[in-house]
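What follows is one structure encoded as structure tokens, with my remarks underneath.
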Amino acid sequence: MEVATVENNNESKDHSNNNNNRTLFSFYSNYIWNRVLAFLPSSSSSSSSSSSASNVFAKISNLYRQSARVGSRTHGACLPLPLPSNSFDSASLVMSDTSRVYEVLEDILEHIFLSLRNVQKNLQFWQSRAEGSNARKMYFMIFERGPLAFIDGAVQLIRGCADEGSSMQHLCHSASSHISERVAVLSSLRCALATFLAQIYMEVDRFGEDLVKDPENSLPLLLVTINDIFSNLEASIGHLHAMRQSDSSVEGSYSLPLLFEKLPGVNQEGSQWTDCEVRDAINLIYKNLLKLDSYLSVIVAKHRKPRKITLHWIRYTCGAVGLSVCSMWVLRHSSLMGSSDIDKWIGDARDSTVSFFNDHVEQPLLSIRDELFETFRKRHKGVMEPEEVLLTSNSLHRMLLAFSEQTKGQKIPENASEQELLEIVMSRYEKELMHPIQNLLSGELARALLIQVQKLKLDIETAMLELDQILKANEINFAILAALPAFFLSLILLMLVRTWFRRDTRAEGRGRMARVQRRLLIVEVEKRIVQYQTYVDQGQEKDAQCMFGLVLYSLDRLYHAVERHAKATGEWQCLRQDIIDLGKPDLKTTYKLVVTSRMERLYDCLLPSPNRR
């Protein structure tokens, strides 16, 4: 069995992606672990040797569990187990068998969620191709499967022109068969994994309270139940070999059937299990889990979607040809071929860049610097100087003071306000205007007019001084305007670089599209919850279990999509509990729909974008 498994593992190396490589690493770790176990005492050893080997076994078991987690996701824990909230409060569970069972259950969920994600990603691609028109399917068969498929499809099309379209029909039928076969296999895999996930989750929910209150009796029952669920999964996936048609388009042969190891016969209702028996059962689960990962890596690799370079091989080919032509053109104008064109163009580009930098960056910045340090320092050298304004103001004050003393016939204080003196002048001016000709020749009318002219001169000089200061201050603004083109160009480049590094349309991202993806996950959860309840009402137990597993898968994706954002806004505790409630099998569908509706309205990370509200 080990040799056959290693052969299957070697066969999948050429097809698996990075996640599968991690799975293969875990598989080889499992193989080495099996070799180590051969030298360890089993549960049938004497009591004296089992106690001394227990510590060694526990240490190696911890290393084994760490190696088994290599293929699991690295971005955080999966959807929490449906266990009581106080299940981890007791310090006695830290190194107990119960805590080890919790670990293996979490590892099972992580592996199944990862496998479902891989299957779902490939299945969505083939379903999108299946929903396309016949022309779109033929385009895929010819242009999106690599150069060899392109040549084969082109030959069939050329033959079809002579055979009155029979080859066209054959190509269309071949495309439909190619896509439908992969959709059928991946759909069966998804249903089997979802059912397995649902059964594990329901059993954990059923044993939850007993695992805390009476772990000695409930642990063996749970481990036996998990062993039976693995057997059910083995039976559900085993029919994939029967689905393979004689004219299948899948390259290579299928791997050997999936055969899980079984627990030895135990008395479930009799005496309690020993620590070695519990430990052996846990290690057996890990072995089966790694066998499942190895088997799925082979099956999924044979039915995976084409790689990006295969889908867009025409674009890459055209790009390579264009790059080759450009390279030949550059070589032709380079100094290697005796031409100075490239050196001349580089010089012109350098001169243009330097000129732009000097005109729109260096000179405006130097001008701003000079204005900041010298404008206000040299302000007294303007068109109107403050000393001239002060001289005019003092002259006007003396004229008003002399006119007022002569008019009143009494001494007026030097600190009298200009407003009071102007009132005296204007009062005398009004009286003089009653006999203008007489007072112009012999009165004070001419003197009052000259005082008003002096006042007008002072107002004009004051206004000119303020205007000069405003114009000098705006010289900085003109320098800033000259630097605006370079500033906006730098800003645009910075935004482009920032967008390039932060482009993330996944549900875990921060942009508007990421918010849309998170809201679509809630819609997906709602639809699957309703579909699950429909299957339950119709008595379709298998379909209901499959749909409940897909509900858990969607909740796991939502859990990881909102975790980082909800922690940043302080909403994580409430949102996490709502997601856990949606995965509880016993809660009513109406309550779950109320929870999803509340999540869409309440939590910030699930609200629409601000510009779409």
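As the structure is a computational prediction, the values presented were derived from the model and not from experiment. Quick note: numbers below take in every heavy atom, side chains included, and nothing from hydrogens, waters or symmetry partners.
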Pairwise side-chain contact, Leu607 with Asp604, heavy-atom cut-off 4.5 Å (strictly under): yes
Rounded to the nearest 0.5 Å, how far apart are CG of Asn232 and OG of Ser236? 7.5 Å
Going from CG on Asp107 to CD1 on Ile112, what distance comes out if it is rounded to the nearest 0.5 angstrom? 11.0 Å
Close side-chain approach of Tyr603 to Asp578, heavy-atom, < 4.5 Å: yes
CE-OG1 distance between Met202 and Thr225, expressed to the nearest 0.5 angstrom: 14.0 Å
So, do Met599 and Ile579 sit near enough that their side-chain heavy atoms are less than 4.5 Å apart? yes
Residues Asn118, Asn122; criterion side-chain hydrogen bond (donor to acceptor under 3.5 Å, both in side chains); working and verdict: CA-CA 7 Å; Asn118 194 19; Asn122 291 282; 3.3 Å; yes
Apply the test side chain to side chain contact (heavy atoms under 4.5 Å, CB included) to residues Thr195 and Lys542: give CA-CA distance (whole Å), side-chain angles for both, the deciding distance (0.1 Å), then the verdict. CA-CA 8 Å; Thr195 302; Lys542 293 184 179 180; over 6 Å; no
Flag the pair Cys78 / Tyr559 as yes when at least one side-chain heavy-atom distance between them is below 4.5 Å, and no otherwise. no
Please determine which of Asn227, Leu105, Val104 meets the side-chain contact (heavy atoms from CB on, under 4.5 Å) test together with Ile285. Val104
If you measure from the Lys or Arg side-chain nitrogens to the Asp or Glu carboxylate oxygens, is any gap between Glu261 and Lys291 under 4.0 Å? yes
Expected output: side-chain Ser187 to main-chain Ala184 donor-acceptor under 3.5 Å: no
Residue that, paired with Glu144, satisfies salt bridge (charged side-chain N to carboxylate O under 4.0 Å, His left out) out of Arg307, Lys137, Arg129: Arg129
Please lay out, stage by stage, how Glu234 and Leu259 fare under the test side chain to side chain contact (heavy atoms under 4.5 Å, CB included). CA-CA 6 Å; Glu234 175 185 313; Leu259 297 175; 3.7 Å; yes
Distance-only, no hydrogens or angles: does the Ser294 side chain make a donor-acceptor pair with backbone N or O of Leu290 under 3.5 Å? no
Quick check: closest heavy atoms across Ala198 and Gly549, and the distance to 0.1 Å? CB-N, 3.7 Å
Taking the side chain as every heavy atom from C-beta outward, state whether Arg190 and Leu116 have any pair of such atoms under 4.5 Å apart. yes
Judged by atom type as modelled, is there a donor-acceptor pair below 3.5 Å linking the side chain of Arg182 to the main-chain atoms of His303? no
Report yes if the side chains of Tyr553 and Arg528 come closer than 4.5 Å at any heavy-atom pair, otherwise no. yes
Under 3.5 Å: donor-acceptor pair, side chain of Glu277, backbone of Thr274: yes
Under a 4.5 Å cut-off applied to non-hydrogen side-chain atoms, are Pro82 and Ile580 in contact? no
Residue pair Glu526 / Ser597: nearest heavy atoms and the distance that separates them: OE2-N, 4.1 Å
Kindly determine whether Leu193 and Leu296 satisfy side chain to side chain contact (heavy atoms under 4.5 Å, CB included), including the steps that lead there. CA-CA 10 Å; Leu193 292 175; Leu296 291 177; 3.9 Å; yes
Exercise: identify the closest heavy-atom pair between Leu223 and Leu263: O-CD1, 3.9 Å
Kindly say whether Met141 contributes a backbone atom to a donor-acceptor pair with the side chain of Arg145 at under 3.5 angstrom? yes
Is the shortest heavy-atom distance from the side chain of Tyr201 to the side chain of Ile108 under 4.5 Å? no
Applying side chain to side chain contact (heavy atoms under 4.5 Å, CB included), run through Ile529 and Phe548 and close with a yes or a no. CA-CA 7 Å; Ile529 287 175; Phe548 184 71; over 6 Å; no
Going from CG on Leu189 to CG on Leu123, what distance comes out if it is rounded to the nearest 0.5 angstrom? 9.5 Å
Classify the ring geometry of Phe260 against Phe230: parallel below 30°, tilted from 30° to 60°, perpendicular beyond 60°. perpendicular
Would a line drawn from the ring center of Trp313 to the ring center of Phe143 be shorter than 6.0 Å? no
Run the salt bridge (charged side-chain N to carboxylate O under 4.0 Å, His left out) check on Glu181 and Lys302 step by step: do they pass? CA-CA 11 Å; Glu181 180 182 3; Lys302 292 181 179 296; over 6 Å; no
For the backbone of Ser174 and the side chain of Ser177, can you confirm whether one donor and one acceptor N or O come within less than 3.5 Å of each other? no
Glu541 side, atom CD; Tyr535 side, atom OH - distance, nearest 0.5 Å: 14.5 Å
Working for side-chain hydrogen bond (donor to acceptor under 3.5 Å, both in side chains), residues Glu524 and Ser554: CA-CA 7 Å; Glu524 182 179 287; Ser554 299; 2.6 Å; yes
Please report the closest heavy-atom contact between Ala544 and Tyr532, naming both atoms and the distance. O-CD1, 3.1 Å
Heavy-atom pair of closest approach, residues Lys592 and Pro585: NZ-CA, 4.4 Å
Might you confirm whether atom NZ of Lys527 has over 12 heavy atoms from other residues, nucleotides or ligands at distances under 6.0 Å? no
In terms of the angle between their ring planes, are Phe140 and His178 parallel, tilted or perpendicular, with boundaries placed at 30° and 60°? tilted
Separation between NZ of Lys305 and CG of Leu311, rounded to the nearest 0.5 Å: 7.5 Å
Nearest heavy-atom contact between Ala192 and Leu233 is O-CD1, 3.7 Å
